[in-house]
Amino acid sequence: MAKLTQNATGISPEVLAGYEPVIGLEVHVQLKTATKAFCACSTRFGDAPNSNTCPVCLGLPGALPVLNKRALELGIRAALAIHLNVQESSRFARKNYFYPDLPKGYQISMYELPLATGGWLEIEHDGQTKRIGITRLHLEDDAAKNLHEGFPDSAEKSYVDYNRGGTPLAEIVSEPDLRSPAEAYAYLTALKQVLLYTEVSDCNMEEGSLRCDANVSVRRRGAEQFGTKAEVKNLNSFRHLQHALEYEIERQISVLESGGRIAQETRLWNVAAGRTEPMRSKEFAHDYRYFPEPDLLPVRVSAAWRKEIASTMPELPGAKRKRFVRDFGITPYDAEVLASTRALADYFEAVAAAGAPAKPAANWIQVELLRQLNDAGKEIAESPVPPAELAALVAKVESGEINGATGKKVFARMFETGKPAAEIIAAEGFTQISDTGEIERWCREVIEKNPDNAAKYRAGNEGVFKFFVGQVMRASRGQANPQSVNDTLKRLLS
Ligand code: ADP
Ligand code: ZN
Ligand code: MG
């Protein structure tokens, strides 16, 4: 359970614990097509405002939409990845409302016949796997983008950039199966992972490729019936999702505790103020006057096409995690980290395939490689250390040719220079010293210099043994074979 960071209401943790949150997410994901959903305009992000527009996406009279087959294919891919049933027959509908970013006066979406229904996604949370139901996935086109100059202090001028208008989206609606902000976070994490694995979307939240609205209600623990929900919009980061849910749950509990009722309404997450605020109540809810889109044919997905798409699906994160645990004997936690992206998983498998034992390989990647990449602001694909070279280094450490501490130094140099381990070890004299004569000399010296500790050890204080090992390793600049140091010290001190 996530910690409630914003106790805005001052209700006690005991009272909070008497309620159970119920959460369902609606996620909009931008499909990675080159052109828009119903016209041939480019979807490229960051182009000059209004340069990627045409009569269709500007909603000019008489212009006719044509469905982008690739958008449909990506929608089907996403649907298959989250175990939805892709419908043989679905249909676009008009969702009518007026707004400057919607030049047609309606959004093309799907309503009573969505593309796919009835799926699920597994989330990992608190060391447990939980299956979250997914109600539906449907396709729609995105609105344009309003820009308000001077906002929020003063809005002197407003602009509309129609480049984004008409970009294909998939909306993925979950069942109300999530029970905490942390579970919602885990769900969005798992969903993003699957969408990246299947290359359906780049899921770039800063560019708005992945957006999330959260529906949330609370009920007394043990109650069967759901409470009245509020929908929280404008959650454009994982952190906002978690904070907004934490806030909203507390707000609802405090309303109920003071004898009030929850209004069914849409609320907005105010990032600066750290609270949700009413946007519109159900009373003023839009009546979208949905009706079947007359300018587009019904969507037909043949079983053959669906199977063809299914045959190109990659191994998904859940299956990969299980295989890593089974075949490589690594822990579920390690598997989760290593399977977090396809590129990282491929890297790990390449290290293992190059002959490194899997468990130490998993450690080296997670501790050394990921830290260095992170510090350097690099992606795994840009790693200066290729998998085979990491495997060679791991093999040297495992065989005792160099010790672990030296291995880390060698790795840092490999990362810096891109040179192979063997070259760095030879050039910089990093080889492990296993010469027993030399090791014995260091050991004797350290014992002589520390007669008090030697006496303590001989009197039965085994704790000081570590001190001696440390001193000898230091004298050898970390290059002495630790096993040999241990054996020699034991012999000389007994
Ligand atoms: P609406 O009619 O308002 O669109 P839906 O039943 O279509 O509501 O559900 C929209 C989203 O709200 C879904 O993600 C669903 O899981 C979630 N949801 C539905 N009822 C509740 C509830 N009582 N508490 C929290 N979430 C809910
Ligand atoms: Zn266009
Ligand atoms: Mg609905």
Side-chain angles (χ1 to χ4, degrees), residues 19-28 33-44 47 50-60 63-68 71 82 95 103-104 108-112 114 117-121 132-138 141-144 161-168 171-181 183-184 187-188 191 211-220 223-233 235 241 244-245 248-249 252-253 256 261-267 276 279-288 290:
Y19 288 86
E20 180 180 54
V22 171
I23 301 161
L25 297 189
E26 294 170 282
V27 174
H28 287 90
T33 55
T35 55
K36 294 187 182 180
F38 303 111
C39 63
C41 292
S42 170
T43 55
R44 209 166 28 242
D47 278 2
N50 296 310
S51 56
N52 298 322
T53 56
C54 74
V56 175
C57 57
L58 288 175
L60 301 189
L64 288 174
V66 178
L67 176 60
N68 179 341
I82 46 180
K95 181 178 181 179
K104 297 192 297 298
I108 302 180
S109 183
M110 288 172 150
Y111 188 55
E112 47 10 314
T117 55
W120 51 267
L121 179 65
I132 305 302
I134 297 180
T135 317
R136 56 188 269 158
L137 177 151
H138 65 254
D141 63 354
D142 204 352
D161 178 1
Y162 288 100
N163 282 355
R164 196 181 70 183
T167 299
E171 177 173 341
I172 300 167
V173 182
S174 88
E175 292 288 312
D177 287 349
L178 301 159
R179 292 292 174 269
S180 66
E183 280 192 7
Y187 170 82
L188 195 60
L191 185 59
R211 286 170 258 160
C212 177
D213 299 336
N215 297 271
V216 52
S217 63
V218 298
R219 61 178 169 184
R220 287 217 149 272
E224 295 239 328
Q225 268 214 324
F226 287 157
T228 305
K229 72 175 158 66
E231 184 179 358
V232 185
K233 288 198 176 283
L235 304 171
L241 170 67
L245 284 173
E248 179 60 18
I249 288 163
Q252 291 187 9
I253 292 172
L256 294 174
R261 310 179 21 248
I262 304 299
Q264 183 164 340
E265 62 184 356
T266 301
R267 300 176 70 89
T276 64
M279 186 173 138
R280 57 174 181 253
S281 75
K282 211 66 189 179
E283 244 177 285
F284 300 103
H286 289 294
D287 174 1
Y288 292 118
Y290 279 102

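No experiment lies behind these values; they were computed from the predicted model shown. In each ligand, atom 1 is the first atom listed, and ligand 1 is the first ligand listed.
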Q264 N/O to ligand 1 N/O under 3.5 Å:
no

Within a radius of less than 6.0 Å around OH of Y111, do more than 12 heavy atoms belonging to other residues, nucleotides or ligands occur?
no

Under 3.5 Å between any N/O of P176 and any N/O of ligand 1: does that happen in this structure?
yes

For ligand 1, indicate whether the residue V173 contacts it via side chain, backbone, both or neither (heavy-atom separation under 4.0 Å).
side chain

Record the part of E231 in heavy-atom contact with ligand 1 below 4.0 Å; permitted values are side chain, backbone, both and neither.
neither

Does L25 approach ligand 1 within less than 4.0 angstrom via side chain, backbone, both or neither, non-hydrogen atoms only?
backbone

Does the cation-pi check pass for R219 over Y19, that is, NZ or CZ under 6.0 Å from the six-membered ring centre and within 45° of its axis?
no

Any sub-3.5 Å donor-acceptor pair from K36's side-chain atoms to N163's backbone N or O?
yes

So, N52 versus D47: side-chain donor-acceptor pair below 3.5 Å or not?
yes

Is the side chain of Q252 donor-acceptor paired with the backbone N or O of V216 at a distance under 3.5 Å, no angle test?
yes

Would you mind listing which atoms of ligand 1 come within a distance below 4.0 Å of any non-hydrogen atom of F226?
23 (N)

Over 12 foreign heavy atoms within 6.0 Å of CD, E112:
yes

Decide whether an N or O pair under 3.5 Å exists between K229 and ligand 1.
yes

Quick check: does any side chain N or O of N215 sit under 3.5 Å from a backbone N or O of K229, one acting as donor and the other as acceptor?
no

Within 4.0 Å of some non-hydrogen atom of V22, the atoms of ligand 1 are 24 (N), 25 (C)

With a 4.5 Å limit on heavy-atom distance, are the side chains of D161 and N50 in contact?
yes

N/O donor-acceptor pair under 3.5 Å between T43 side chain and T33 backbone:
yes

Can you check whether I108's main-chain N or O pairs, donor with acceptor, with D141's side chain at less than 3.5 Å?
yes

Have a look around the Zn ion (ligand 2) and list protein N/O/S atoms under 2.8 Å, or say none.
C39 SG, C41 SG, C54 SG, C57 SG

Of all the atoms in ligand 1, which lie at a distance below 4.0 Å from a heavy atom belonging to E175?
16 (O)

Hey, is E231 close enough to K233 for a salt bridge, meaning N to O under 4.0 Å?
yes

For G227, the ligand 1 atoms whose distance to one of its heavy atoms is below 4.0 Å
23 (N)

Taking atom 13 (C) of ligand 1 as the point of reference, which of S174, P21, G24, G133 owns the nearest heavy atom?
S174

